[in-house]
Amino acid sequence: MSLTQVSSNKCAGGFQKVFEHESTELRCKMKFAVYLPPKAETDKCPVLYWLSGLTCTEQNFITKAGSQVLAAEHGIIIVAPDTSPRGCNIEGEDESWDFGTGAGFYVDATEDPWKKNYRMYSYITEELPKLINSNFPSDPDRMSVSGHSMGGHGALICALKNPGKYKTVSAFAPICNPVQCPWGQKAFSGYLGSDRDTWQAYDATVLAASYSGPPLDVLIDQGRDDQFLSANQLLPDNLIAVCSEKKIPVVFRLQPGYDHSYFFIYSFMSDHIKHHAKFLNA
Amino acid sequence: MDLFEIRGGALDVIAEEAEHQDLSRDSTIMADREARPPRGVSTFQRFSVDTNESLHFEPCEDSLPSPTPPEDECDDNVFREGETEGEIVTVRNRLQGKVAEMENFAGHLEEIFLTVEENFGRQEQHLEQHYNDVLLTLSQRYDERAAGLEEEKKGKLEALYKQLLACGRAMDASKELIETAQKVYRSQDKRLFLKAVMPTIKRIEDFAKEEVELTLSTSLEFNTPLSDMSDVKTMMDSINVVPAPSAPVINPQMPNSASQTSLRVCWSLFSDDTVEYYELYYRPVLEDTPADSSCVPPVSKVKVKETHCTVADLLPNAQYELWVTATNTTGISPASEKALYMTVPSPPVIKQRECTSCPEAALIRWESGNTNPVDSYTVELSEMGTDGTENAITESIVAVPTCQCVIQLQTGRRYLISVRAVNIGGPSDRSEVITVSTTGTLFYLLEETAHSCLSISEDGFTISYGDEELPISAMALDDNNTFSRCVAVLGDLIPVRGRHYWEVEVDDGTEFRIGVASEDTERNSYLGANNTSWCMRHILTPSRHKFEFLHGGCSPDLRITVNPVRIGVALDYERGTLSFFNVDLEQHLHTFHCNFPNYVQPCFGLDNPGALTVHNGIEAPEYAFI
């Protein structure tokens with residue numbers, strides 16, 4: 001598991017770096033971004049994993065979300081991986097923007113030809129944390145997860161499927177109920193096959209209904225003018241209904257005027273970093 | 001003394017030399033010496049002079065006659081010698097002590113001698129002065145009387161001389177008449193005789209009619225009244241009796257000499273005066289009654305022998321007029337000047353329900369406890385130890401002009417705070433002590449702001465909105481400080497621009513508004529509906545629980561999946577935030593960002609019948625101020 005530093009830039013007193021490594025789960029070269037706050041020079045710091053949305057690479061978040069100043073302030077390492085394996089030469093992987101490259105959907109594919117490489121769930125929850133904990137001054141007991149859109153879905157399922165593993169979770173405009181939306185149906189049928197029951201293992205709303213574990217404090221921001229909200233791709237109401245019923249604490253904020261972009265993310269990033277800091281630094 | 005003999009030849013060593021000798025001895029002797037009882041000092045007598053300068057002369061009880069040293073101590077035993085030496089030193093030290101005492105006594109005697117001599121001299125001078133006065137008076141008296149006699153004598157002589165002259169003139173006249181008669185008688189010429197005889201006879205007849213006063217016109221006795229020598233007599237008498245004292249001088253009030261109901265008064269006298277007793281007069285000075293009023297308070301009187309007196313049973317925080325006279329066998333002195341003394345005030349009464357605190361400070365409010373104004377108040381505070389013990393007063397805030405005071409405190413401690421009222425007479429007793437804990441923010445509800453439908457529990461922390469309709473009369477009592485539309489009440493938060501945290505316990509089915517509002521927030525509008533209040537509102541809809549975070553009538557659109565029943569409210573003036581939390585989940589619900597230029601008060605409202613409870617004085621959880 002050797003790491004190759006692709007770039008390193010001083011940022012907010014710390015460093016914003018990008019590394020490349022050979023992933024065993026994904027069987028390809030993967031890039032990920034890591035922000036090291038100034039505190040990491042002397043102490044072990046907690047890690048926030050950021051999962052990006054459809055079409056993104058590790059670059060979108062680090063260049064647009066404006067998370068570094070707050071991460072530096074709270075002493076949090078932020079790791080932002082890529083959104084899918086790349087360059088695996090699978091037929092059709094680059095055909096559409098919402099499936100294949102840039103659209104790993106944070107699942108472990110079971111269907112050919114994807115199942116060899118498209119193991120983003122295991123990559124995010126197992127391989128990457130191990131890699132981070134063995135190469136950076138991170139505290140393996142303090143990690144949390146957040147993400148945007150597809151990444152929001154990824155963050156939610158990571159937290160819900162691994163009770164206690166993540167101290168907290170938050171999301172921007174997450175795909176809350178992929179089983180019920182066109183994006184999710186397309187991806188899940190591609191990666192997991194036609195058996196809908198297998199899909200449920202990767203659906204936040206379904207997972208929330210059966211969640212049992214330490215209380216999870218979820219913060220979700222959603223732009224009211226998000227075109228994907230009105231296109232019923234995100235379906236937050238379904239998740240909220242389940243969480244209300246299951247008494248899973250969620251604060252869901254519908255932010256008037258905001259869309260699905262990183263401008264929206266940027267606007268509320270500080271609230272999310274604070275939310276994570278509360279649990280990571282408790 | 002006999003121990004010196006044992007040492008042989010050391011008998012004549014004077015104390016000073018022995019001391020020098022001793023300095024070279026080693027310290028084991030010293031230890032040995034101290035362990036032994038004193039011995040070997042012959043009966044000695046000790047003089048002591050006690051403080052009132054009367055002399056006591058008493059035998060020294062603890063120095064018994066020395067037992068004769070055993071014979072074997074005379075042996076050339078090294079240890080014995082050391083021991084003997086030690087004893088000698090002990091004895092010598094005792095003797096030195098005695099000598100010092102004697103010297104001291106002698107010194108006192110000398111002092112007394114001087115005083116006696118001085119007093120004698122003064123007395124002599126006094127006597128001489130007195131006799132001189134008597135002599136002077138007598139000589140004056142003599143001069144006066146001599147002058148009087150002289151005057152009288154002169155008058156008498158003048159009168160006699162006048163009489164003498166008158167007699168002379170009468171004699172001359174009669175002589176001349178006789179001569180004329182004889183001349184007429186001898187006249188040869190009958191005609192002439194006849195011519196002259198009748199007038200002459202007439203003259204003689206006339207003359208004979210004139211009575212010549214021949215008695216002495218003035219008495220020969222000198223009328224000298226008995227001179228009044230009584231004053232001289234008194235003067236002579238007074239040489240031997242003490243004079244009546246002169247007016248004592250009453251001292252102004254000393255600090256800390258007064259209590260709530262008593263005054264300690266001191267005065268002094270000219271040292272020469274002899275006084276048997278003093279009489280101290282006092283009466284309260286009532287400011288609002290004119291001096292000539294008939295209802296001047298009666299004068300009280302105490303008789304004392306000392307030059308000080310503590311008068312008791314007085315009114316607190318009152319001014320008294322006092323004067324004093326001195327009396328001895330001869331008489332009573334004039335009264336001293338009148339002095340004004342003041343009793344100290346009654347202790348203030350801390351208004352527990354109006355005291356509020358936060359981790360950085362406490363606001364203490366109290367009632368004066370006195371009907372008339374006091375000069376100022378002193379707030380005293382001490383920190384309570386971790387084991388509950390009270391430390392000494394660690395800080396006093398003096399000259400507090402009003403009945404309230406904000407005190408800066410350290411976070412996370414417990415303090416005992418009390419107040420004293422102060423006037424020129426001094427500080428009052430301590431008020432009752434209140435305990436202030438700086439772990440969290442503590443406030444009480446401002447019951448005067450409560451909507452008429454709201455009832456507040458006895459402990460002041462639970463408000464409830466009953467089902468029953470209130471009579472119109474209750475509504476009519478509303479003043480402009482009570483909430484008239486929103487069934488709400490304000491809390492009395494300490495005006496300190498720091499961090500404050502409190503919690504509110506609600507029922508699942510209660511519709512409430514909690515948050516903060518400016519003190520002057522409109523009482524006829526709903527909390528959160530204006531720009532002077534910020535609050536979290538819980539609304540029960542048929543389908544779900546709805547939460548709003550209202551300011552100026554607007555709320556962000558948000559959904560909370562778990563209904564909070566215990567809500568933490570965190571106000572941070574420095575960062576300008578007001579945050580709400582679900583305490584049970586430690587879940588952040590919402591944060592208002594506002595600078596709060598004016599102080600805000602916690603506010604609590606109920607939109608439907610129900611109750612809520614305020615929990616106060618809680619340490620803010622760490623997450624409340626991230």
Side-chain angles (χ1 to χ4, degrees), chain A residues 70 73-76 156 160 167-170 176 204-205 208-209 211 214-226 229 235-258 267-268 270-282, chain B residues 499 501 506 508-509 536-570 572 574-594 619-626:
Chain A
L70 281 144
E73 190 184 309
H74 293 283
I76 297 172
L156 290 170
L160 290 165
K167 296 286 172 196
T168 189
V169 57
S170 76
C176 293
T205 301
Y211 177 81
L216 206 53
D217 187 342
V218 188
L219 171 63
I220 300 173
D221 271 307
Q222 173 66 59
R224 188 181 275 165
D225 293 357
D226 184 336
L229 178 66
L235 306 172
D237 290 341
N238 297 357
L239 178 67
I240 287 159
V242 168
C243 289
S244 298
E245 194 183 314
K246 292 288 294 178
K247 303 259 178 247
I248 296 172
V250 176
V251 170
F252 175 84
R253 312 192 298 188
L254 198 56
Q255 306 288 6
Y258 289 94
S267 303
F268 300 101
S270 71
D271 287 350
H272 285 250
I273 298 285
K274 275 187 209 165
H275 175 81
H276 286 269
K278 174 180 156 189
F279 295 94
L280 293 174
N281 292 328
Chain B
R499 289 172 168 185
Y501 178 81
V506 291
D508 223 20
M536 171 179 179
R537 182 186 180 195
H538 174 223
I539 308 153
L540 272 175
T541 67
S543 57
R544 63 182 181 103
H545 295 275
K546 198 177 160 193
F547 293 93
E548 287 180 344
F549 292 89
L550 284 166
H551 174 59
C554 296
S555 169
D557 189 349
L558 56 78
R559 301 278 289 276
I560 293 168
T561 55
V562 180
N563 230 7
V565 288
R566 191 163 174 130
I567 298 148
V569 184
D572 188 340
E574 278 163 39
R575 288 199 291 186
T577 56
L578 173 71
S579 304
F580 294 85
F581 299 90
N582 180 335
V583 176
D584 298 327
L585 301 173
E586 302 187 357
Q587 183 189 26
H588 173 252
L589 301 175
H590 181 70
T591 295
F592 286 107
H593 293 270
C594 176
E619 190 178 357
E622 224 174 286
Y623 61 76
F625 295 106
I626 288 177

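Values reported hereafter were calculated over all heavy atoms of this structure, with side chains retained and with hydrogens, waters and symmetry mates removed. In this text, all values refer to a predicted model and were calculated from it rather than measured experimentally. Naming: A, B, ... by sequence-line order, numbering from 1 per chain.
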Participant: How many angstroms lie between CG in B:Leu585 and CD1 in A:Ile248, if you round to the nearest 0.5 Å?
Facilitator: 11.5 Å

Participant: Quick check for you: among A:Leu254, A:Val251, A:Val250, which has the greatest number of heavy-atom pairs under 4.5 Å with chain B?
Facilitator: A:Val250

Participant: Return the CG to NE2 distance between A:Asp217 and B:His588, rounded to the nearest 0.5 Å.
Facilitator: 10.0 Å

Participant: Just so I understand: if I count every heavy-atom pair under 4.5 Å between each of A:Arg253, A:Gln222, A:Lys274, A:His275 and chain B, which residue has the most?
Facilitator: A:Arg253

Participant: Can you tell me how far apart CG (A:Leu239) and OG1 (B:Thr561) are? Round to the nearest 0.5 Å.
Facilitator: 8.5 Å

Participant: Look up atom CG in A:Asp237 and atom CZ in B:Arg559, then write down how far apart they are to the nearest 0.5 Å.
Facilitator: 5.0 Å

Participant: So, for A:Phe279 and B:Glu586, which heavy atoms are closest and what is the spacing to 0.1 Å?
Facilitator: CZ-O, 4.3 Å

